[in-house]
Amino acid sequence: MTIATTRPETILGDTAVAINPDDERYKHLAGKQVIVPMVNRVVPIIQDAYVEVEFGTGCLKVTPAHDMNDYEIGQRHKLETIDVFNDDGTMGEAAGFYLGEDRFAVRKKIVKELEAKGHIVKIEDYRNKVGRSERTNAIVEPRLTKQWFLDMKDLAATALKAVDSGEVTFYPKHFWNMYYNWLNEDNVRDWCISRQLWWGQRIPAWYYGEEVFVAETEAAALKMAREKTGKDLALTDLKQEEDVVDTWFSSWLWPISVFDGFETQEELKYYYPTSVLVTGWDIMFFWVARMIMTGYEYGGELLGEDLAKAKGIQPFNDVYFTGMVRDEKRRKMSKSLGNSPDALTLIENYGADGVRFGMMSSGAAGNDIIFDAPIDKETKAVLNESQLCAQGMKFCNKLWNALNMLKGKEVADKPASEENKMAMQWLEYRLSQTVEEVEDHFKTYRLSDALSALYRFIWNDFCSWYLELIKPASGEPMDKETYDRTIDYFGEMMIMLHPFMPFITEELWHNMKERADGEDCVISQYPKIKAYDNTMLQNMEHVREMVTGVREIRNKNGLSPKEAMAVYVKKTDWSEALYTKSGYLGVAKKMGNLSDLQFTETDVDSTVSFVCGTEEYAVFLEQTIDVEAERKRITKDLEHQKGFVNSIKKKLSNERFVNNAPAAVVDKEKQKLLDGEARIKILQDALNNLN
RNA sequence: GAGGCUGUAGCUCAGUUGGUUUAGAGCGCUUGCUUGACAGGCAAGAGGUCAUGGGUUCGAAUCCCUUCAGCCUCACCA
């Protein structure tokens with residue numbers, strides 16, 4: 001029989017030849033025996049499904065001592081195991097030949113010997129992967145040795161139950177799948193805790209010949225050995241295991257040992273279980289699962305019955321898995337690859353808060369972080385640049401300038417205008433809404449969402465809308481009430497932003513007003529969620545949309561924002577209520593730079609119209625209107641609205657929808673239809689008016 | 001080989017129990033704005049057959065399956 005091998009020296013340890021049970025070529029040889037060359041050992045021909053018919057010659061030499069799969073085959077077929085090597089990789093006594101010679105040298109010698117005896121059929125170049133030591137790059141090949149294992153069956157079941165029952169919660173929760181897949185009883189493997197290293201904690205097992213004694217101390221082991229053997233043994237008669245335990249074997253004690261909990265339980269009783277573990281999902285099994293196992297193993301005993309019952313014995317309540325930071329080629333950033341930017345240089349370029357902003361805003365929960373530091377194509381070096389960090393830096397700049405503007409205003413002792421009162425009320429509501437939103441994101445560890453909600457609120461609502469609204473005309477002072485309240489809002493924003501950007505927020509906090517000693521942003525009371533008026537928020541949103549409409553018409557017609565414009569609004573109950581009773585007129589005029597906002601019941605000449613919600617507006621233009629461009633614009637919008645209305649009509653004419661969907665959903669669709677039809681009517685009118 | 005995750009705008013990503021006016025943000029891009037906070041800025045705009053093909057449902061970016069692509073973990077190539 002012809003066999004193929006890349007390690008001829010292991011032939012000396014072969015104890016069988018295996019074939020696939022379905023291989024027609026060799027079927028008739030099953031159960032017979034062959035003679036291994038050189039050692040002239042008679043070994044059986046066995047059938048095993050592991051052997052691939054297509055691979056190699058289809059005949060597999062089986063060396064249980066020097067190949068993991070061969071070992072398993074050996075177990076299945078009760079084969080003899082012959083270890084042909086010494087500890088240092090030279091040939092051992094069991095090999096029978098070349099005693100004490102290095103295995104790589106022997107590999108060549110054996111080929112020659114086989115050739116001389118006429119056993120070689122052919123030699124071909126073959127590329128295969130060779131295992132190497134991470135530390136020394138030495139070639140590592142399997143050899144059967146004694147190792148210590150931890151039985152995982154019960155521990156795995158405990159760890160699974162902890163997460164399944166909700167005593168430990170994963171964020172994001174889809175990591176449960178990976179966790180389950182690894183730990184379920186069909187897949188879990190016993191944990192090999194032996195490590196062949198010269199540092200670490202030596203496994204506390206002592207040998208006396210074939211006997212082994214596991215004990216806390218050497219003395220205890222000796223006592224056990226004496227009792228067992230009945231001999232008057234000395235310490236020198238015992239030999240301690242040379243392997244050390246896997247590093248994770250002590251790391252899994254961390255939730256307890258960090259509080260010195262095995263020695264004294266005072267701190268442990270206070271802190272254990274901790275609220276959240278923040279870590280990467282790549283060490284879910286190495287560390288997270290195993291910490292959970294030890295928590296349940298020792299927690300009850302250490303905490304005492306009452307506390308255990310009250311607080312639980314899980315090491316932590318939540319696990320927040322962060323994403324892996326990767327480079328633009330999606331490789332994990334690591335020291336060995338040298339593909340990470342230099343943090344200190346990044347900080348020099350963008351500021352610490354800028355870098356924090358960049359990291360956190362790109363870290364959506366559980367997903368990988370593709371950090372945008374580009375790689376130089378020529379030198380392959382990572383550039384210490386990042387658009388995300390630049391965004392953070394610009395945000396700092398924005399905050400600084402916003403306060404700068406406020407502080408630069410002269411403050412006068414006069415009452416706040418109606419528009420300012422309205423603006424402040426609105427901002428207060430928007431702030432409360434934002435507190436609520438951010439709180440919600442924190443609860444579910446959506447840190448990037450929390451940050452971006454704050455970013456948008458501060459930049460778009462506070463700076464672009466609110467500050468512009470309360471900003472007095474040039475040369476005019478700001479009233480004291482508006483100034484003071486605005487500083488207070490600013491302070492609240494700094495408190496909320498502080499966890500993300502601690503440096504600038506603390507700085508501005510102290511710059512904005514006199515603070516007493518110890519009155520620092522970092523320890524200030526976080527804003528509480530307060531009720532807010534949704535109608536007011538929606539009304540203001542309508543005004544903002546209207547202003548955008550006016551600005552767009554200015555833009556398209558090449559008109560300066562400084563030029564005040566007359567705007568008409570079709571008189572409806574709603575528009576009248578908004579601009580007179582609710583008093584948004586001043587807000588609209590100031591923000592849109594309107595010379596006037598008049599109600600009208602008919603179409604006005606020389607105007608360009610636009611729709612906002614279901615209200616119709618028209619802007620008066622002194623120049624000739626480009627009728628063709630207007631027709632195009634309105635027609636495009638009209639087509640869109642018609643498509644929209646049609647899709648809803650289709651839905652509503654479907655009896656099964658009307659009968660099966662919840663009433664609220666059907667009502668909403670009906671309202672959408674009405675609104676859509678109202679908009680179509682306005683657009684249609686505007687189009688007719690053009691003609 | 002086993003298992004898992006992900007495919008949404010040029011890029012990086014949101015879209016939470018299926019129904020918020022036929023999909024959102026930031027960056028980038030286009031256009032217009034230089035002197036009272038900020039050009040590291042302001043305003044507006046363009047840009048998407050939600051990878052593919054099927055299914056479930058009154059209704060799918062969202063749930064299920066197919067295919068394709070990318071990534072990860074574990075094992076391993078005689």
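Keep in mind that this is a model prediction, so the values were computed, not measured. Just so it is clear: chains get the letters A, B, ... in the order the sequence lines come, proteins before strands, and each one is counted from 1.
- A donor-acceptor contact under 3.5 Å is formed by the side chain of A:R679 with the base of B:U21.
- At whole-Å resolution of the value, CZ in A:F657 and P in B:G18 are 16 Å apart.
- Contacts of A:N181 with the nucleic acid, taken as non-hydrogen atoms under 4.0 Å apart, involve only primed sugar atoms and P, OP1 or OP2.
- A:V658 comes within 4.0 angstrom of no nucleic acid atom, judged by non-hydrogen atoms across all strands.
- For A:E468 against B:A37, a side-chain N or O and a base N or O form a donor-acceptor pair under 3.5 Å.
- Nucleic acid contact class of A:M284 (heavy atoms, under 4.0 Å, all strands): none.
- Between the NZ atom of A:K668 and the C1' atom of B:U20 there is a distance of 5 Å, rounded to whole Å.
- Using a 4.0 Å heavy-atom distance criterion, A:N404 is classed as a sugar-phosphate-only contact.
- Spacing between atom CG of A:L403 and atom C1' of B:G41 amounts to 17 Å, rounded to whole angstrom units.
- With the 3.5 Å cutoff on both pairing distances, Watson-Crick and G-U pairs in RNA chain B assemble into runs of at least 3 at B:1-7 with B:68-74, B:10-13 with B:24-27, B:29-33 with B:41-45, B:53-55 with B:63-65.
- OP1 or OP2 of B:A43 lies within a sub-4.0 Å distance of a side-chain N or O belonging to A:S464.
- When the nearest nucleotides of RNA chain B are assigned to A:A4 and A:E552 by heavy-atom distance, the more 5′-ward of the two goes with A:E552.
- A:F462 and A:F490 have perpendicular rings, their planes meeting at more than 60° on a 0 to 90° scale where under 30° would count as parallel.
- In this structure, A:E655 reaches neither bases nor backbone, as no heavy-atom distance under 4.0 Å exists between it and the strands shown.
- With distances taken from any side-chain atom of A:D675 to the nucleotides B:G28, B:U21, B:C76, the minimum falls on B:U21.
- Listed in residue order, the members of residues 643-654 of chain A having a heavy atom less than 4.0 Å from RNA chain B are A:G643, A:F644, A:N654.
- A:W459 comes within 4.0 angstrom of the backbone, heavy atoms only, and of no base.
- Within 4.0 Å of A:Y50, counting heavy atoms only, lies at least one base atom of the nucleic acid.
- Among B:A37, B:G26, B:A46, the nucleotide with an atom closest to any side-chain atom of A:Y455 is B:G26.
- Residue contacts for A:G56: at a heavy-atom cut-off of 4.0 Å it reaches a base atom on one of the strands shown.
- For the C1' atom pair drawn from B:A61 and B:C42, the interatomic distance equals 34 Å after rounding to whole Å.
- Taking for each of A:M393 and A:R551 the nucleotide of RNA chain B with the nearest heavy atom, the 5'-most of the two is the partner of A:M393.
- In this entry the distance linking CD of A:E669 with P of B:U20 reads 7 Å, nearest Å.
- The residue A:T548 sits close only to the backbone: its heavy atoms come under 4.0 Å of sugar-phosphate atoms, none of a base.
- The residue A:D67 sits close only to the backbone: its heavy atoms come under 4.0 Å of sugar-phosphate atoms, none of a base.
- We find that A:K122 and A:E124 are joined by a salt bridge, their nearest charged nitrogen and carboxylate oxygen being less than 4.0 Å apart.
- Using a 30° and 60° split on the angle between ring planes, A:W574 and A:H542 fall in the perpendicular class, above 60°.
- Atom CZ of A:F442 is surrounded by more than 12 heavy atoms from other residues, nucleotides or ligands within 6.0 Å.
- The environment of A:F503 atom CZ is sparse: at most 12 non-hydrogen atoms of other residues, nucleotides or ligands sit within 6.0 angstrom.
- A perpendicular orientation is assigned to the rings of A:Y179 and A:F170, their planes being inclined by more than 60° (bins at 30° and 60°).
- At the phosphate of B:C33, neither OP1 nor OP2 sits under 4.0 Å from any side-chain N or O atom of A:N555.
- Residue-level contact check: A:T57 touches neither bases nor backbone, having no heavy atom under 4.0 Å from any strand.
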Could you write out each protein N or O paired with an N or O of nucleotides 34-36 of chain B at a distance under 3.5 Å?
from, atom 1, to, atom 2, distance (Å)
B:G36, N2, A:S474, OG, 2.7

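- Nucleic acid contact class of A:R7 (heavy atoms, under 4.0 Å, all strands): none.
- Across all strands, A:C463 comes closer than 4.0 Å to base atoms (heavy-atom distances).
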